[in-house]
Number of protein chains: 10
Amino acid sequence: MLKKIPKRLSPELVKTLMEMGHGDEILLADANYPAVTNNQRVLRTDGILMPELLTDILELLPLDTYSDYQAALMEVVPGDASVPNGRPPIWDKYESAIKNVFPNYQLKTIERQSFYKYSKDCFAIVQTGETALYGNLILKKGVVE
Amino acid sequence: MLKKIPKRLSPELVKTLMEMGHGDEILLADANYPAVTNNQRVLRTDGILMPELLTDILELLPLDTYSDYQAALMEVVPGDASVPNGRPPIWDKYESAIKNVFPNYQLKTIERQSFYKYSKDCFAIVQTGETALYGNLILKKGVVE
Amino acid sequence: MLKKIPKRLSPELVKTLMEMGHGDEILLADANYPAVTNNQRVLRTDGILMPELLTDILELLPLDTYSDYQAALMEVVPGDASVPNGRPPIWDKYESAIKNVFPNYQLKTIERQSFYKYSKDCFAIVQTGETALYGNLILKKGVVE
Amino acid sequence: MLKKIPKRLSPELVKTLMEMGHGDEILLADANYPAVTNNQRVLRTDGILMPELLTDILELLPLDTYSDYQAALMEVVPGDASVPNGRPPIWDKYESAIKNVFPNYQLKTIERQSFYKYSKDCFAIVQTGETALYGNLILKKGVVE
Amino acid sequence: MLKKIPKRLSPELVKTLMEMGHGDEILLADANYPAVTNNQRVLRTDGILMPELLTDILELLPLDTYSDYQAALMEVVPGDASVPNGRPPIWDKYESAIKNVFPNYQLKTIERQSFYKYSKDCFAIVQTGETALYGNLILKKGVVE
Amino acid sequence: MLKKIPKRLSPELVKTLMEMGHGDEILLADANYPAVTNNQRVLRTDGILMPELLTDILELLPLDTYSDYQAALMEVVPGDASVPNGRPPIWDKYESAIKNVFPNYQLKTIERQSFYKYSKDCFAIVQTGETALYGNLILKKGVVE
Amino acid sequence: MLKKIPKRLSPELVKTLMEMGHGDEILLADANYPAVTNNQRVLRTDGILMPELLTDILELLPLDTYSDYQAALMEVVPGDASVPNGRPPIWDKYESAIKNVFPNYQLKTIERQSFYKYSKDCFAIVQTGETALYGNLILKKGVVE
Amino acid sequence: MLKKIPKRLSPELVKTLMEMGHGDEILLADANYPAVTNNQRVLRTDGILMPELLTDILELLPLDTYSDYQAALMEVVPGDASVPNGRPPIWDKYESAIKNVFPNYQLKTIERQSFYKYSKDCFAIVQTGETALYGNLILKKGVVE
Amino acid sequence: MLKKIPKRLSPELVKTLMEMGHGDEILLADANYPAVTNNQRVLRTDGILMPELLTDILELLPLDTYSDYQAALMEVVPGDASVPNGRPPIWDKYESAIKNVFPNYQLKTIERQSFYKYSKDCFAIVQTGETALYGNLILKKGVVE
Amino acid sequence: MLKKIPKRLSPELVKTLMEMGHGDEILLADANYPAVTNNQRVLRTDGILMPELLTDILELLPLDTYSDYQAALMEVVPGDASVPNGRPPIWDKYESAIKNVFPNYQLKTIERQSFYKYSKDCFAIVQTGETALYGNLILKKGVVE
């Protein structure tokens with residue numbers, strides 16, 4: 001642990017976030033995501049939930065001001081009855097956390113099968129302990145001036 | 001994640017607990033413990049607190065019935081003003097968790113400098129996110145029949 | 001060994017099952033299967049028969065409720081005289097074990113040459129000690145809630 | 001698998017037995033033995049019981065005719081109530097298996113704490129699935145002429 | 001060395017033969033074969049001649065009864081004057097060794113350039129000390145029942 | 001780079017500082033220090049001078065409040081003419097940087113040959129680009145609450 | 001450090017420059033460049049600015065006299081308001097440093113997206129501490145006679 | 001060093017030459033050749049000139065009698081003024097050294113850009129200290145009878 | 001294979017012999033020798049007998065002219081009935097092979113238990129296929145002028 | 001190769017010299033020196049003679065001005081007839097090369113057996129192609145200001 005660095009972030013995770021460059025993307029995946037299958041670099045944070053982890057990461061990670069989106073979500077499968085109103089409740093927490101640091105943020109959504117393929121090109125996947133439905137979130141790193 | 005295995009436990013941690021044998025000891029260390037200095041095998045669980053982790057581990061790990069102690073704590077430094085009454089409050093939670101699975105448990109305490117040396121011979125050190133004072137705890141594995 | 005985890009499962013195998021995500025598949029292969037040729041990750045359980053291993057694994061591994069199949073078998077080669085009635089006897093044991101944990105299971109079969117190729121994309125192959133004909137079985141992991 | 005080689009023996013185990021030389025010793029340990037703590041080379045055979053494994057190994061491994069013992073056991077702790085008559089029942093099976101291949105065999109026993117230290121110098125430890133009491137057995141390799 | 005295992009076979013070679021599955025093929029190559037160029041797994045047996053090695057391997061390795069060939073040879077280049085009658089003398093020894101364990105064997109031959117490419121897909125290449133012309137031989141592994 | 005983390009600190013260095021625990025010490029060595037000879041873990045920051053690096057590190061690294069010293073210096077060799085008044089000028093910058101974050105700091109000095117040996121037990125050595133005389137500085141990590 | 005070799009250059013960087021051959025190219029990237037994503041070999045020089053590093057490297061590295069360019073820059077995105085007059089100020093320093101060692105130098109510019117792909121084929125990427133806009137520079141190595 | 005083996009040849013180089021098979025090719029490259037870029041296996045012999053190295057290698061390495069060339073050179077770029085008469089002087093030394101061991105040798109030349117690609121398929125590249133123009137030479141290994 | 005290098009010697013073995021320096025010793029061990037237990041560097045030559053291997057090695061390896069012995073043998077255990085006349089017959093072949101290259105050679109013998117310890121300090125152990133009694137031989141490398 | 005760096009020095013050697021610190025010593029050993037036995041880090045420069053290599057290294061490596069010796073030699077064995085006048089001729093070349101860069105140099109000599117032990121603590125050993133008697137030379141690195 002160090003001063004200024006949120007305690008939930010491991011040394012390996014901070015190192016990974018530091019090594020990312022402008023435009024690199026990182027997937028914060030839920031606990032059931034097939035992470036090892038879709039990326040060479042997988043960091044586990046078993047037992048840690050997404051909203052807390054997201055808030056901590058956003059204390060350090062700048063989002064991309066040059067891009068037309070700052071984060072990406074997995075699109076709800078049309079007709080999925082488990083998601084009332086077609087909007088996963090956890091997304092509110094995500095948007096709130098992002099808005100705090102980037103008021104004019106834009107999100108994009110990616111169709112489920114495409115999302116898996118998309119995650120193969122991410123810089124890394126963080127496998128969290130989150131079990132909420134549609135809990136996966138991709139962040140696009142910006143520039144530190 | 002798998003059925004029956006508590007979600008906070010990572011694959012690497014479960015593998016480590018499985019590889020331990022009768023009499024092997026594991027240190028659940030607090031977030032400030034010099035873990036890398038004192039053991040070759042360090043597993044990190046940043047952000048996870050000890051009472052929850054302990055409860056989860058004890059769902060799987062049997063304690064040693066053949067030994068005259070099942071767990072060990074770091075002795076309070078004589079005259080340490082930060083510990084009123086000479087007893088760290090977090091120990092209550094530890095004892096409660098252990099008692100649930102091993103009613104007749106015995107604890108031993110180890111003087112601080114000796115504790116560091118002792119931990120060099122542990123099977124592994126788990127560096128948790130706990131920041132309570134005197135939060136380190138050693139568990140001695142028993143037999144699975 | 002640990003409490004709650006079946007004794008036949010090695011630390012490495014449990015770790016592998018834990019690292020699999022939703023939709024990942026694992027092949028439990030017979031003792032003659034060309035495993036190394038078809039996958040980078042091969043775990044051996046020499047001397048262990050499939051029905052016992054399958055039962056143990058299903059104590060921990062959830063099957064996929066979102067998929068239209070939970071397991072896959074190698075299709076019997078048309079006209080194979082070694083399989084009377086065209087149905088390998090060991091499949092009864094597999095179906096019985098699966099039914100215990102997933103009553104409405106669906107199986108799919110895959111033609112022999114396609115099966116070999118299919119296994120290249122599995123998360124891992126477990127090379128068991130089973131020598132029964134057509135003894136290979138693929139399991140599709142589901143979600144832990 | 002190969003002709004002439006018992007099916008329960010893994011490729012890694014056969015390779016290890018082949019690499020041992022005259023006088024090298026191997027510990028077949030029970031499922032609770034602290035194997036990783038006591039040896040650099042640990043091979044696991046989870047789920048395999050000792051009597052079957054021993055019989056298979058002795059089909060291949062010659063015992064030492066030059067030594068005054070061919071195998072070693074862990075001495076029963078004096079007064080251990082769990083071992084009626086002071087003789088672990090599983091030893092009968094061991095002696096029977098050894099006698100089949102080496103009629104004039106000699107056994108030695110080693111006091112429990114000394115046994116742990118002794119196993120550090122073994123060529124390797126095989127961690128079996130045996131859970132019988134006092135189930136550990138050391139074999140001393142002989143010469144192939 | 002071990003009982004029942006021919007002395008010329010190294011621990012690494014036996015392990016490799018054991019890891020091969022049904023249908024996997026292994027090339028026993030002559031001393032001049034470009035082995036490293038054509039396969040990731042190369043085992044050397046410098047100084048050992050093919051007929052002896054072949055006989056030893058066939059004591060352990062079952063040939064494939066399901067395939068329409070059990071072994072393959074490099075086709076003699078049309079018009080090669082170094083091979084009188086168009087048949088390399090060493091092939092007699094190969095056929096004799098194979099016939100001993102598989103009376104109804106079938107051989108196939110592969111054109112020279114195709115043979116090099118073919119060997120890239122073999123499980124492994126054993127680089128022997130054989131210097132006879134057209135001394136390369138591929139064996140196809142069968143099933144151990 | 002990340003927000004809040006000084007730009008001169010590499011990902012590897014931040015990871016190292018995070019992995020240190022309470023009481024672990026790190027040597028910031030000058031450019032001529034025999035670092036590789038005295039420690040397994042050496043991080044290079046060629047071209048970076050000590051005062052700037054020290055200030056950056058102290059933004060993140062807490063110093064030890066429990067110890068009777070927070071930093072250590074290499075004692076000036078008695079009679080060294082290159083150090084007028086027996087006090088290396090760069091020490092003023094060090095003390096100033098430390099005082100900013102830890103007003104009641106205590107320094108200790110270590111005799112030159114002892115200093116080399118002492119540095120073998122440090123958690124790591126950072127080889128900086130500093131060429132000032134007696135520029136080596138050891139920091140003792142404290143607790144993050 | 002050694003005589004004749006500029007102090008800012010690390011051992012690893014000098015080794016890399018030495019291993020490059022005629023025509024190989026190296027990217028000196030700014031602090032926000034996605035380096036790890038675009039090359040297997042990444043060397044970090046956190047805190048070091050480009051003009052100084054460039055001058056140091058050009059003391060050792062000969063530029064290519066056979067090529068029609070000696071260095072390459074990332075083309076300014078058309079209409080980028082952050083670059084007044086369409087010419088990044090830091091380029092003057094680069095041209096000045098190059099001119100010192102290669103008076104008749106030629107530069108080429110590469111469109112931004114193409115530049116990322118182009119950097120995948122570089123011999124290595126040096127991630128510097130430079131934060132000036134359009135600060136990336138590729139050098140093409142020449143011949144040492 | 002050993003008897004019969006020329007002293008300039010390193011253990012690694014002799015091992016590499018021994019592992020090459022019939023038809024494998026090795027590039028002896030000049031000191032400016034982009035070796036690491038064009039081959040996975042690079043051996044360096046800094047300070048050693050080609051004619052001496054070539055003579056030494058040909059004491060051990062047989063050239064290919066079955067091929068229609070025994071060695072290959074990089075074609076002189078048409079109109080290259082640095083090569084008077086269009087023939088690099090060092091080629092005389094190469095031909096003389098080859099003629100000594102293979103009187104009826106044939107050379108082939110390869111156009112410059114094709115040569116770089118060609119070298120990617122060589123068994124290895126030896127980066128020598130030669131700085132003569134067009135000093136690269138490829139040798140094709142023959143059979144040892 | 002290469003010209004001048006005996007065919008029975010593997011690339012790895014020749015490399016090892018080349019890396020040895022003046023005074024380094026290598027053990028050519030029989031097939032039952034506990035090689036892995038006594039040395040980190042073990043090379044296997046299964047199926048190769050000592051007299052042939054020794055002759056081949058002595059074509060390349062110079063023996064030490066500065067030492068008072070050139071080779072060492074394991075002393076016959078006093079009273080060993082398996083060795084008539086107290087002299088192992090295979091020693092004649094060894095002495096004959098050594099005499100051919102070093103007429104005034106001197107041998108030393110080492111008591112059996114001391115021999116095992118002695119072999120821990122050898123440069124390497126070659127595990128041959130020799131099964132003759134007392135077949136182990138240590139060679140001391142000399143100088144190549 | 002790079003400008004200013006002597007061509008005989010390999011990238012690995014330059015990197016090693018750069019990593020050495022004040023007081024670290026490097027052994028330039030003759031071709032028969034038992035280098036691998038006496039140091040973990042061995043760099044080979046087969047075919048390169050000591051006087052040339054020494055001159056090249058001294059262009060880069062500063063010698064230690066703080067020490068009472070800058071280089072060390074292996075003492076001539078008393079009565080060694082191969083060294084007329086008790087002084088190896090090659091030492092003249094060494095002293096001349098050192099004098100060029102360090103006029104007031106001091107040499108020390110170390111008895112032969114002590115020299116071997118001494119070399120175990122060197123930073124590295126460079127195994128050169130030198131075959132002159134008593135050709136070993138140790139250099140002590142100084143400070144780069």
Side-chain angles (χ1 to χ4, degrees), chain H residues 1-26 28 40-45 48 53-67 70-71 97-103 105 122-124 126 139-145, chain I residues 1-26 28 40-45 48 53-67 70-71 97-103 105 122-124 126 139-145:
Chain H
M1 295 195 297
L2 291 175
K3 293 187 288 183
K4 295 191 178 174
I5 296 183
K7 291 180 188 172
R8 264 180 291 254
L9 306 183
S10 72
E12 191 65 28
L13 178 50
V14 171
K15 176 169 175 283
T16 301
L17 295 171
M18 288 183 78
E19 286 174 345
M20 291 171 65
H22 181 196
D24 283 329
E25 306 190 353
I26 190 167
L28 311 185
Q40 301 269 42
R41 228 178 279 146
V42 174
L43 294 90
R44 298 191 67 100
T45 62
I48 304 292
L53 186 69
L54 176 59
T55 301
D56 286 356
I57 287 177
L58 291 178
E59 277 194 46
L60 298 182
L61 188 80
L63 295 177
D64 192 353
T65 57
Y66 291 79
S67 167
Q70 283 69 48
I98 294 172
K99 196 173 197 172
N100 271 349
V101 296
F102 203 104
Y105 69 94
C122 282
F123 192 88
V126 182
L139 298 174
K140 193 174 187 69
K141 186 176 180 180
V143 164
V144 177
E145 285 169 38
Chain I
M1 294 194 298
L2 291 174
K3 293 188 287 183
K4 294 190 179 175
I5 297 183
K7 291 179 188 172
R8 264 179 291 253
L9 306 183
S10 72
E12 191 66 29
L13 177 50
V14 172
K15 176 169 176 283
T16 301
L17 295 172
M18 289 182 77
E19 286 174 344
M20 291 170 66
H22 180 196
D24 282 329
E25 306 190 354
I26 190 166
L28 311 185
Q40 300 269 42
R41 228 177 280 145
V42 173
L43 294 90
R44 297 190 68 98
T45 62
I48 304 293
L53 186 69
L54 176 59
T55 301
D56 286 356
I57 286 177
L58 291 178
E59 277 194 46
L60 299 181
L61 188 81
L63 295 177
D64 193 353
T65 56
Y66 291 78
S67 167
Q70 284 69 47
I98 293 172
K99 194 173 198 172
N100 271 348
V101 296
F102 203 104
Y105 69 94
C122 282
F123 192 88
V126 182
L139 298 174
K140 192 174 189 69
K141 187 177 179 179
V143 164
V144 177
E145 285 168 36

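Lettering follows sequence order; numbering is per chain, from 1. All values below were derived from every heavy atom in this structure, side-chain atoms included, with hydrogens, water molecules and symmetry-related copies excluded.
A pairwise comparison of heavy atoms in I/Met18 and H/Leu2 identifies CG-CD1, 3.5 Å as the closest pair.
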What are the sub-3.5 Å donor-acceptor pairs between chain I and chain H, distances to 0.1 Å?
from, atom 1, to, atom 2, distance (Å)
I/Met1, N, H/Met18, O, 3.1
I/Met1, O, H/Lys141, NZ, 2.8
I/Lys3, N, H/Leu60, O, 2.8
I/Lys3, NZ, H/Leu58, O, 3.1
I/Lys4, NZ, H/Glu59, OE1, 2.8
I/Lys7, NZ, H/Glu145, O, 2.5
I/Met18, O, H/Met1, N, 3.1
I/Leu58, O, H/Lys3, NZ, 3.1
I/Glu59, OE1, H/Lys4, NZ, 2.8
I/Leu60, O, H/Lys3, N, 2.8
I/Lys141, NZ, H/Met1, O, 2.8
I/Glu145, O, H/Lys7, NZ, 2.5

request  = Run the numbers on H/Ile5 and I/Val14 for side chain to side chain contact (heavy atoms under 4.5 Å, CB included), then give the verdict.
outcome  = CA-CA 10 Å; H/Ile5 296 183; I/Val14 172; 4.1 Å; yes
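With a threshold of 4.5 angstrom between heavy atoms, H/Leu13 does not approach chain I through any atom at all. Interface residue H/Leu58: only backbone heavy atoms are found under 4.5 Å from chain I.
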